[in-house]
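Quantities reported herein were computed from a predicted structural model and do not represent experimental measurements.
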Amino acid sequence: MKYDVAIIGGGPAGYTAAEKAAAGGLSTVLFEKNALGGVCLNEGCVPTKTLLYSAKVYDTIKHAPKYAVSAENPAFDFPKIIARKNKVVKKLTAGIRMKMKENGVEVVSGEAEIKSRAADGTISIASGEAVYEAANLLICTGSETVIPPIPGLAETEYWTSREALLSKELPASLVIIGGGVIGMEFASFFNSMGTEVHVVEMLDKILGPMDRELSEMLQAEYAKRGIKFYLGHKVTVVNGGDVTVEKDGETFVIQGEKVLLSVGRRPVTKGFGLETLALEPFRNGIKVNGFMQTSVPNVYACGDITAFSLLAHTAVSEAEVAVDHILGKNRSMSYKAIPGVVYTNPEIAGVGKTEEELQADGTPYTVKKIPMAFSGRFVAENEQGNGVCKLILAEDETIIGAHLLGNPASELIVIAGIAIEKGMKADELKAIVFPHPTVGEILKEAL
């Protein structure tokens, strides 16, 4: 049978594309070799947030006396925390399977291999003994953990995020190699659970490209909670739980019961016959245009495979744009306001330009910045806590960046994202009526 659309990969990009294509009347087949939901749902976004929420509840109970509430001897059951995480994942993956069934998507559970592209553009894909043909192909194969060539690593039973999420035993100490978003979220979780945490990062700051000022504030907060940071340090050898690091010619060993590797992710480009199509590359992925088309017009790429923004919400938007184009709607993908969130406690979130980017480009800007304590709701719910709301304006007062530290930054950043995407000026956002009292009012207060 020939399909209108074939999709390789059942993560956020893949299942979004499948649902939208089928709902639009296109016959659709979706290939997924592991589990629907991809890395995000099964071993990334959702399970980590489930664990982090348990940690947040535990932290809240421990600090209940700040709110005049008595809570003696709070405790947690680690295996049950992991079991709850598994239950949440199972429920959500079942929901995706139901969506595929309701929309008439044929789901093939198995590896897919691109075999050929005919003169008329028809693409043949094999899975097991069966061969499927499609007029359009969407490549949504996602990403995988980068494993650097550190001496001794291959002989060590280290964790990646997958193993960390599966463990039913809490380590007494943990060395995290990599202080990016994934590394800091795990650092937050295990610190709350009472594990001694060490974070080693090659850069001179945590959280990579996120706003430096707020990243440093978050680091300072976690340093107070006992996490030890080693910035600008390179890991030279791993031997069991002994991690040898080097900085400025000096070396020393950090010891941990477990080692968690979290140095980044890279697009999955091998194992499914991609070379058959000879697509134009971009970085370590596939080059696309604004409609998510590759150098072969009826082949689209969405999500991490584009090597542009390795975020689930970007993948979903790219999939929607790609399917719209197949359906004849020429809506181009916009990367103007892609939010980035770190679900630590407190949360940190950013969207649009950072000061560092603008300084590097020599672009003039102004900053509007106030403490989160200017929000009455924030003060009421965050005893002795604080944070920052920073808005960045262009010379004509257009909002071009927003960065927040403090709960619930993950929910508030979308307001700023809408303002940036729509090109709103400061006066236009100030004119919006915000409900009171809400933490969201901080955006208006900052202006």
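Between K258 and E157 there is no salt bridge, since no side-chain nitrogen of the basic residue lies less than 4.0 Å from a carboxylate oxygen of the acidic one. A salt bridge between K56 and D59 is absent, with no side-chain N of the basic residue lying under 4.0 Å from a carboxylate O of the acidic one. A salt bridge links E144 to R266: one of the charged nitrogens lies within less than 4.0 Å of a carboxylate oxygen. Ionic pairing of E213 and K369 is present here: one or more N-O contacts between side-chain nitrogen and carboxylate oxygen are shorter than 4.0 angstrom. Using a cut-off of 4.0 Å between Lys/Arg side-chain N and Asp/Glu carboxylate O, E246 and K234 are scored as not salt-bridged. Under 4.0 Å is where a charged nitrogen must lie from a carboxylate oxygen, and between E355 and K390 at least one such pair does. Here D211 does not pair with K353 in a salt bridge; the nearest charged N to carboxylate O distance is not below 4.0 Å.
Side-chain contact of E318 with Y335: a donor-acceptor pair under 3.5 Å is present, judged by distance alone. Counting only N and O atoms by type, the side chains of E163 and T160 include a donor and acceptor under 3.5 Å apart.
Summarising the geometry of M193 relative to A55, their closest heavy-atom pair is CE-CA, 3.8 Å, with the distance given to 0.1 Å. Shortest non-hydrogen contact noted between L36 and T93 is O-CG2, 3.4 Å.
In this structure, K90 places its NZ atom where only 12 or fewer heavy-atom neighbours from other residues, nucleotides or ligands lie under 6.0 Å away.
Checked by atom type and distance alone, the side chain of N103 never pairs as donor or acceptor with a backbone atom of A22 at under 3.5 Å.
Aromatic pair H63/Y58: centroids not less than 6.0 angstrom apart. With ring centers used as reference points, F31 lies under 6.0 Å from Y132.
Residue pairs meeting the salt bridge (Lys or Arg N to Asp or Glu O under 4.0 Å) criterion with at least one partner in residues 331-349, sequence neighbours excluded, are D324-R331.
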